[in-house]
Each structure stands twice: as structure tokens, then as C-alpha cells.
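Remarks on the structure that follows.
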There are 2 protein chains.
Amino acid sequence: MASPKSAPAADRKARLSRELVLATALELVDAEGLDALTMRRLGQELGRDPMSLYRYAENRAALLDGVSELVLNELPVHEEDPDWKAQLRQIAHNLRLLALQHPNVVPLLVTRPLSTPLGLRPLGTLRPLEQILALLVGAGFSPADALHVYRAYYGFLYGHILNELQEFVVDPEENEVLLRLGLHRLPAKEFPLLRALAPALAEYDGSAELDQGLTILLSGLESQLSLQPAHSPA
Amino acid sequence: MASPKSAPAADRKARLSRELVLATALELVDAEGLDALTMRRLGQELGRDPMSLYRYAENRAALLDGVSELVLNELPVHEEDPDWKAQLRQIAHNLRLLALQHPNVVPLLVTRPLSTPLGLRPLGTLRPLEQILALLVGAGFSPADALHVYRAYYGFLYGHILNELQEFVVDPEENEVLLRLGLHRLPAKEFPLLRALAPALAEYDGSAELDQGLTILLSGLESQLSLQPAHSPA
DNA sequence: CGAGTAAAGTCTACATTGTAGATGCAGCGT
DNA sequence: ACGCTGCATCTACAATGTAGACTTTACTCG
């Protein structure tokens with residue numbers, strides 16, 4: 001046997017770091033869901049005492065913030081792109097894919113900001129916002145209009161992602177659509193449309209639907225906002 | 001003194017009921033937030049043993065579902081309204097107001113469906129969906145198109161609500177905007193736009209912004225979907 | 001009116017969670 | 001060699017959700 005003192009024992013005794021902690025936290029959440037991310041469990045996953053985690057995150061809450069930040073940092077934004085509509089479209093699709101890759105993190109992305117005032121959020125979380133504003137201002141919008149565009153855009157985007165994840169098919173083994181979505185439980189007389197739409201629900205093409213919505217929204221915003229070049233005083 | 005046997009002692013010994021339990025749960029959440037809603041605390045609030053709650057909700061999770069359901073049931077939908085755009089607009093504003101009245105419940109509305117397949121959700125939660133579909137079909141959309149409209153609409157609506165709540169002003173006592181939103185903490189060089197937009201952030205008129213977005217989206221959807229009257233087979 | 005039954009409410013107990021606080025332990029500069 | 005500084009661990013505790021056995025209440029039927 002090698003001396004257990006200095007040998008790293010495969011991966012056991014590597015030095016901890018915030019990045020490592022957050023990365024394994026994310027893995028854990030992806031694999032087993034948010035509830036599995038307890039301090040004890042994460043400690044065990046790292047081969048360390050649970051208490052050591054508190055060096056790298058004040059709280060469990062801060063840890064969760066860290067995980068959202070980690071995910072959002074994987075979202076590339078090219079703020080110099082001259083074609084703002086194309087760029088926003090691409091960002092949207094990228095975020096959608098991110099969400100599909102880390103569905104268990106989505107509740108965090110959506111929920112945590114509700115309990116944290118804008119300025120106190122993890123900086124990584126705010127970067128996309130600032131970058132998108134820069135993109136829009138660079139494309140010729142006034143800062144105030146850029147904010148309006150951002151809000152409509154991001155609102156729609158988040159809403160779409162939530163919607164799509166909510167409709168996710170549950171039991172792909174089952175090929176009877178009513179069963180797959182659990183719709184058979186619904187009283188047929190009170191929910192005729194919903195039940196009848198089972199096939200349509202099953203064929204949901206999220207990417208296409210997102211794209212359509214964006215087309216509508218972006219061109220609408222464009223025409224509406226370029227017409228009023230600035231806020232006239234009073 | 002009145003005989004303590006049959007007297008209700010102010011409000012103490014009224015018989016429990018699911019409605020009563022859920023109603024006080026909602027009060028508690030509104031007043032002190034989601035974390036305050038523990039079984040023990042709710043029991044105390046009702047003057048009963050915590051365990052008695054399990055007669056009226058299987059779980060804490062089920063209890064949370066019940067609360068969302070309760071809130072969503074306060075949302076009126078007039079599915080016979082011939083003017084679908086006006087009706088959708090009104091629903092949107094009503095839901096927005098509901099959300100502002102019960103901000104602590106919003107995380108539930110948004111998050112719980114992510115862990116529950118469509119057909120297994122509390123029925124009260126699905127009723128708005130069915131009703132809106134009915135409204136759209138009644139207005140002349142094919143069921144499949146109605147679903148598309150619903151998705152874009154509800155997605156945008158939920159997104160807007162989340163956005164608006166996230167930007168909520170923290171400390172209205174403080175009248176320096178940068179402070180109110182905690183923006184002073186942001187490094188000025190990395191977040192110039194965000195900081196410069198502080199006044200605009202503070203004057204956010206959610207209702208107006210929601211309405212604008214709806215105008216764009218609804219008319220866009222209308223023109224796009226009435227052009228293709230039905231899906232042609234392959 | 002009085003006994004029996006089912007529902008409603010309570011008590012006790014336990015495993016699991018986040019986290020405070022004290023303790024141990026490495027490696028460094030002097 | 002010494003102590004200092006940051007990392008890691010240990011122990012302990014209060015709070016939570018909930019199972020299971022028990023008691024109390026209310027109501028029905030003879």
C-alpha cells in the first residue's frame with residue numbers, strides 16, 4: 001500500500017476550492033435534484049467533512065446562488081454583434097439549451113432572485129443583463145428603451161423555459177399519450193380540451209415555438225420603439 | 001365565566017376543515033414568507049396539534065400545492081367573452097395583481113408545476129388553462145393553434161410577473177435610488193449601464209409594460225395564426 | 001337515552017437537516 | 001524552534017417532517 005499520508009488516493013485529498021465545490025454541487029443537483037444537495041451529502045461527495053464547505057460558501061443559500069451563477073456563466077453573450085435581433089435569438093436558444101441540460105437548476109434561476117435585491121445578487125448573475133443592455137445600446141436604442149426591450153425579451157424567454165419544462169413528458173416508457181402525461185386522471189367532462197390536445201402536447205417543439213414568439217416580439221418591439229426616439233419631457 | 005365545554009372560546013375550538021387550514025396557511029405565507037409555513041407553526045396558528053394537519057393534506061408539499069390552488073382560484077376567467085384579446089389582457093392584469101398581493105406565493109406557482117406532471121397537478125391549477133383554451137377555441141382558433149397562443153401568452157405573462165417581482169424595491173425608506181436597489185455595491189466599471197439606469201429601474205411601471213408586451217404579442221399571434229387556417233397534412 | 005363506531009385530534013418518538021463553537025493540524029516566515 | 005494564519009474536522013444542538021399508537025369527540029342506531 002502507498003503511504004496514506006501524502007498520496008492523493010485517486011482523487012480524495014485534492015485541495016478544495018470554491019470552483020471544485022460548486023462544480024460538484026452542480027453535478028449532484030443535475031444527477032439527483034435539488035433536495036439531494038445537503039451539506040452532508042456534498043461533503044461526502046467530496047470526501048470531506050461537511051463543515052469544510054462553509055469556507056467556500058457562507059450558507060446553504062449562498063451555495064445555491066453559486067450554483068446558479070455557475071450555470072449562467074456558461075451563457076455566452078456577444079455584445080458587439082451588430083445584428084441585435086439575431087444575437088438575442090441566439091442567446092435565447094442557448095439559454096433554453098442550458099435549461100434543458102440542467103432542469104433541476106431552473107427553479108433556482110427563477111426563484112433565488114425573488115429573495116435577493118438586484119444589487120446584492122451574485123455578480124455572475126447580473127452579467128448577462130449588463131451585456132444585453134450593452135448589445136441593445138450598441139444597436140442604437142436609448143438606454144431606457146434598451147431596458148424595456150430587455151424586460152420584454154427576458155420575461156418572454158424565462159416564461160417560455162418554464163412552460164416548456166412544465167410540459168415535459170414524464171414516463172417515456174409509456175406510449176399512450178394520455179398516460180405519459182398523466183392526463184387520464186382528469187375528469188373528461190371538466191377538461192375536454194386539455195384531454196383532446198394530448199397529442200399536440202406530446203409533440204411540443206419547444207425550439208420552434210420559442211423562435212416564433214421571438215420573431216413576433218422582437219419585430220414588434222423594434223417598430224414600436226424606433227417610432228418614439230426619446231421620452232419627451234412632460 | 002361561560003362554560004368552556006361548549007363555548008368556542010373566541011376562535012379556538014372551531015372545527016377544522018381543509019378550507020380553513022389552507023386559508024390560514026396562505027395568511028401565514030403572506031405575512032411571513034414561505035419558510036414560516038412549517039407544520040408546527042401552522043398548527044400553533046390554528047390552536048391545534050401539528051399532526052392534525054395531516055388529515056387535510058398528505059404532505060407539506062401537498063399543503064403548498066393547496067396554497068397555490070387557493071390563490072389561482074381567485075383568478076376569474078370569462079371564457080364566453082367574444083373579444084379574446086381583451087379578455088386575455090384582463091386576465092393578465094388580474095393575475096399580475098394577484099401576484100403583487102401574494103408575492104410570497106409566486107415561487108410556488110412557478111416552481112411546483114416543475115415537479116408535478118401536468119395530469120397530476122391539483123385540478124384548480126389546471127382550470128385556468130382549460131378555460132383559456134375554451135376562450136380561444138370559442139374565438140375561432142383551432143385547438144392546436146389555441147394551444148400555441150396559450151403557450152406564448154402564458155409564458156410571457158409568467159415571465160413578466162417574475163421580472164417585475166425581481167425588480168421590486170427593497171427599502172422604500174431610503175430615497176437614494178442606488179441604495180434602494182442595492183446597486184451601490186456594483187463595481188462601476190463592469191456595470192456602467194445597469195448603474196446608470198437606476199432611475200429607470202425605480203420608475204418601473206409594471207402594468208404599462210405588461211400591456212405593451214401583450215399588445216405586441218397578441219396582435220402578432222393573431223396575424224400569424226389566422227394566415228394558416230389549419231395544419232395541412234404533410 | 002345509551003352504547004358502539006368512525007372520524008378528528010393528540011402524544012411520543014425518531015431520523016435528517018443546517019450550522020455554531022471549540023479543537024486539531026498543516027505550512028509559513030522569522 | 002516558535003507561534004501565527006488559514007484550512008479542516010469534531011461535537012453538539014435546535015428545528016423540521018412525519019410515522020404509529022393512543023385518546024377524545026361526535027354521531028348513529030337500537
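This structure is a prediction, so every number in the text was calculated from the model and none was measured. Letters A, B, ... are given to chains in the order of the sequence lines, protein chains preceding strands, and every chain is numbered from 1.
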Distance, rounded to the nearest Å, where [X] contributes [atom1] and [N] contributes [atom2]:
{"X": "B/L42", "N": "D/dT18", "atom1": "CG", "atom2": "C1'", "value": "15 Å"}
{"X": "A/D49", "N": "C/dT17", "atom1": "CG", "atom2": "P", "value": "15 Å"}
{"X": "B/R40", "N": "D/dG17", "atom1": "CZ", "atom2": "P", "value": "7 Å"}
{"X": "A/Q44", "N": "C/dT16", "atom1": "CD", "atom2": "P", "value": "12 Å"}
{"X": "B/L46", "N": "C/dA8", "atom1": "CG", "atom2": "P", "value": "15 Å"}
{"X": "B/L20", "N": "C/dA8", "atom1": "CG", "atom2": "C1'", "value": "14 Å"}
{"X": "A/D35", "N": "C/dG18", "atom1": "CG", "atom2": "C1'", "value": "14 Å"}
{"X": "B/R15", "N": "C/dT10", "atom1": "CZ", "atom2": "C1'", "value": "15 Å"}

For this session: Mind running side-chain contact (heavy atoms from CB on, under 4.5 Å) on B/L147 and A/L193 for me, showing each step along the way?
Result: CA-CA 10 Å; B/L147 186 57; A/L193 289 167; over 6 Å; no
Exercise. Relative to the ring of A/Y154, is the ring of A/Y158 parallel (under 30°), tilted (30 to 60°) or perpendicular (over 60°)?
Worked result: tilted
Problem set entry | Partners passing side chain to side chain donor-acceptor pair (under 3.5 Å) against B/E32 (at least two apart in sequence or in another chain) | B/R41
Exercise. Does B/R60 make a cation-pi contact with B/Y54, if we ask for NZ or CZ under 6.0 Å from the ring centre and within 45° of the axis?
Worked result: no
Exercise. Honestly, is B/R127 close enough over A/F191, meaning NZ or CZ under 6.0 Å from the six-membered ring centre and within 45° of the axis?
Worked result: no
Nucleotide nearest [X] (side chain, heavy atoms from C-beta), chosen from [options]:
{"X": "A/R60", "options": "C/dA13, C/dT19, C/dA8", "value": "C/dT19"}
{"X": "A/R48", "options": "C/dG18, D/dT9, C/dA13", "value": "D/dT9"}
{"X": "B/M39", "options": "D/dT18, C/dA8, D/dC10", "value": "D/dT18"}
{"X": "B/T38", "options": "C/dG18, C/dA8, D/dT16", "value": "D/dT16"}

Exercise. Which ones in residues 50-57 of chain B lie close to DNA chain C, meaning a heavy atom under 4.0 Å from one of its atoms?
Worked result: B/M51, B/S52, B/R55, B/Y56
For this session: State which residues pass side-chain contact (heavy atoms from CB on, under 4.5 Å) with A/H93; sequence neighbours excluded, sorted by chain then number.
Result: A/R89, A/S207, A/L210, A/D211
For this session: Respond yes when some side-chain nitrogen or oxygen of A/N59 is under 4.0 Å from OP1 or OP2 of C/dG18, and no when none is.
Result: no
For this session: Please answer whether the main-chain N or O of A/G124 pairs with a side-chain N or O of A/E69 as donor and acceptor at a distance below 3.5 Å.
Result: yes
